[in-house]
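Report on the following structure.
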Number of protein chains: 2
Amino acid sequence: MATSVIDPSPRVPADSRRSRKKQDTRNRLIAAADELFERQGYDATTTLDIAEAADVAQRTLFRHFPTKEALLYAELDDARFVLRDALNARPNDEPVLIAIREAMAELGETIVANRERRLLEARLAATTPAVSGHFRAVIQAGWERELIVAIADRLDVDPMQDPRPEVLAGAAMSACRVATRQWTVAEGDADYVALADRALESIAGLGALT
Amino acid sequence: MATSVIDPSPRVPADSRRSRKKQDTRNRLIAAADELFERQGYDATTTLDIAEAADVAQRTLFRHFPTKEALLYAELDDARFVLRDALNARPNDEPVLIAIREAMAELGETIVANRERRLLEARLAATTPAVSGHFRAVIQAGWERELIVAIADRLDVDPMQDPRPEVLAGAAMSACRVATRQWTVAEGDADYVALADRALESIAGLGALT
DNA sequence: TTGACGAATGTCAGTCACTGACATTATGGT
DNA sequence: ACCATAATGTCAGTGACTGACATTCGTCAA
């Protein structure tokens, strides 16, 4: 869900032929981008290439995705809603860091399911500044916002006054980045959930470092 | 210093007329960008506008700065070397989080000195996604790298294996972002160093949150 | 002083991501 | 069948950035 682009009130049943076709072009665009990025690299692939490979006009591509990078991270961007739901599902009396670890564990399963795509994202992010930049600026920032409001809710504090929600969220996102990098170095042959949990756990000991 | 762009080995004395002129065009470009961003907004200002206001060719602008955003963040980008030096200057037996707080305090003074520019950066980042994105993707990531190597050095661990350096660095950068936001909300009429220190201090208690 | 060398800049043409405006086609409801 | 409108197509831009080559200007040595 979440078309990555703003489309307000659909007056059409969510499962009409129209919406199926729309979803289909969206999927074809993602698949085309995937394959082209894989085959000829990110920078060497133009949005026109992608559109033609998906057999749509370039303009249509930009109606579905706001930027070229969004094509790559469509799935991870939507995953922030999964994160939000997972967080809200944790019991309210659970310590915040525990709740985050549990929610991330749940999310981690979903993430790693698409192993090949995750590895592609990682490869491209490692070689292309535009990609890693977009990840930090858009994807990670989006996840972070979800974390912040969830944490502030639990602590019942104002995240504009109390620095802890944002600081904890930042630490958690860094932990996820580390876990992802380690998982990527291992070519996906590692327990992502365990890696992430270990990194998240380390947050508790940050103040005691020599 | 660090010209924000790669120029390897200058065979010319660092204080020749040539280098002074070069530095001068660089400064004029920054000043021109500053004023135009202030007057007509970020998006409404083209790189050609800036170049003409500084009385150079557009091509020259892009020889001094790799992107339009870099014009805005030239100073903050260079500040990462100040951060590195400040960190290295801290005694080796000092606990890491303390060292970071002290180094940031030192850095904070430098930062807040240019109050008007900081407020301009904040205003633009708050209204223009391209600006806030660049900040996260380039500036903050750069500072974070400095933090990571400094922390890993002190702990004598491999930052690729041990998640703690990167996690702590991420938390610290988030703390700085919070402090900057609070300082900005107060229109610069607040003790930035105190705000940053309070946010950084909160890292120690992250694991104990209910 | 002069002349050679090279750094900084200028000029120009091009690529490519992205956008606004308007025309066309395809669906869904009537 | 008919109309409203969602989805797409077409086209002509704008603007950031780049490569190639010409020109100017500071530096230094003979």
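Considering only residues two or more places apart in sequence or on other chains, A:Glu102 meets the side chain to side chain contact (heavy atoms under 4.5 Å, CB included) condition with A:Arg90, A:Glu94, A:Ile98. Shown here are the side chain to side chain donor-acceptor pair (under 3.5 Å) partners of A:Thr46, two or more places apart in sequence or in another chain: A:Asp49. Residues passing the salt bridge (Lys or Arg N to Asp or Glu O under 4.0 Å) test with B:Glu52, sequence neighbours excluded: none. A:Arg118 is linked by a side chain to side chain contact (heavy atoms under 4.5 Å, CB included) to A:Glu75, A:Leu76, A:Ile111, A:Asn114, A:Glu121, A:Trp183, counting only residues two or more places apart in sequence or in another chain. Residues satisfying the side chain to side chain contact (heavy atoms under 4.5 Å, CB included) criterion with A:Ala31, sequence neighbours excluded, are absent altogether. B:Val56 is linked by a side chain to side chain contact (heavy atoms under 4.5 Å, CB included) to B:Thr25, B:Arg28, B:Leu29, B:Ala51, B:Ala54, B:Thr60, counting only residues two or more places apart in sequence or in another chain.
Within the structure, a side-chain polar atom (N or O) of B:Ser16 is placed less than 4.0 Å from OP1 or OP2 of D:dT27. Taking 4.0 angstrom as the limit, B:Thr25 places a side-chain polar atom (N or O) nearer than this to OP1 or OP2 of C:dT9.
Distance, A:Leu61 CG to C:dC18 P: 9 Å, rounded to whole Å. Distance B:Asp24 CG to C:dT9 C1': 14 Å, rounded to the nearest Å. As rounded to whole Å, 12 Å separates atom P of D:dT8 from atom CG of A:Asp55. Taking atom CG of residue B:Asp15 and atom C1' of nucleotide D:dT27, one finds them 14 Å apart after rounding to whole Å. When rounded to the nearest whole Å, the span between CZ of B:Arg17 and P of C:dA7 equals 18 Å. Atom NE2 in A:His64 sits roughly 18 Å away from atom P in C:dA17 (whole-Å rounding). Whole-Å rounding puts the A:Leu71 CG to C:dC16 C1' distance at 15 Å. Summarising the geometry, the separation between CG on B:Leu29 and C1' on C:dT9 is reported as 12 Å, rounded to the nearest angstrom.
When side chains are defined from C-beta on, B:Met160 does not count as touching A:Gln182, because their heavy atoms never get closer than 4.5 Å.
Here the nucleotide nearest the side chain of B:Lys22, chosen from C:dA8, C:dG28, D:dG9, is C:dA8. Checking C:dA26, D:dG9, C:dG10 against every side-chain atom of A:Val56, the shortest atom distance belongs to D:dG9.
In this structure, A:Lys21 and B:Lys21 both approach DNA chain C, and ranking their closest nucleotides by distance from the 5' end singles out B:Lys21.
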Original post:
Checking side-chain contact (heavy atoms from CB on, under 4.5 Å) for the pair A:Phe37/A:Asp43: CA distance, chi angles, key distance, verdict?
Top reply: CA-CA 8 Å; A:Phe37 290 159; A:Asp43 287 330; over 6 Å; no
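Sorted by residue number, the list of members of residues 129-140 of chain A with any non-hydrogen atom under 4.0 Å from DNA chain C is empty.
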Original post:
With the sugar-phosphate defined as primed atoms, P, OP1 and OP2, and the base as all remaining atoms, what B/S/- string results for nucleotides 14-20 of chain D, 5' to 3', for protein heavy atoms under 4.0 Å?
Top reply: -SSBBBB
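For residues 113-140 of chain B, every residue pair satisfying the ring pair (Phe, Tyr, Trp, His ring centres under 6.0 Å) rule, not counting sequence neighbours, is listed here: B:Tyr73-B:His134, B:Tyr73-B:Phe135.
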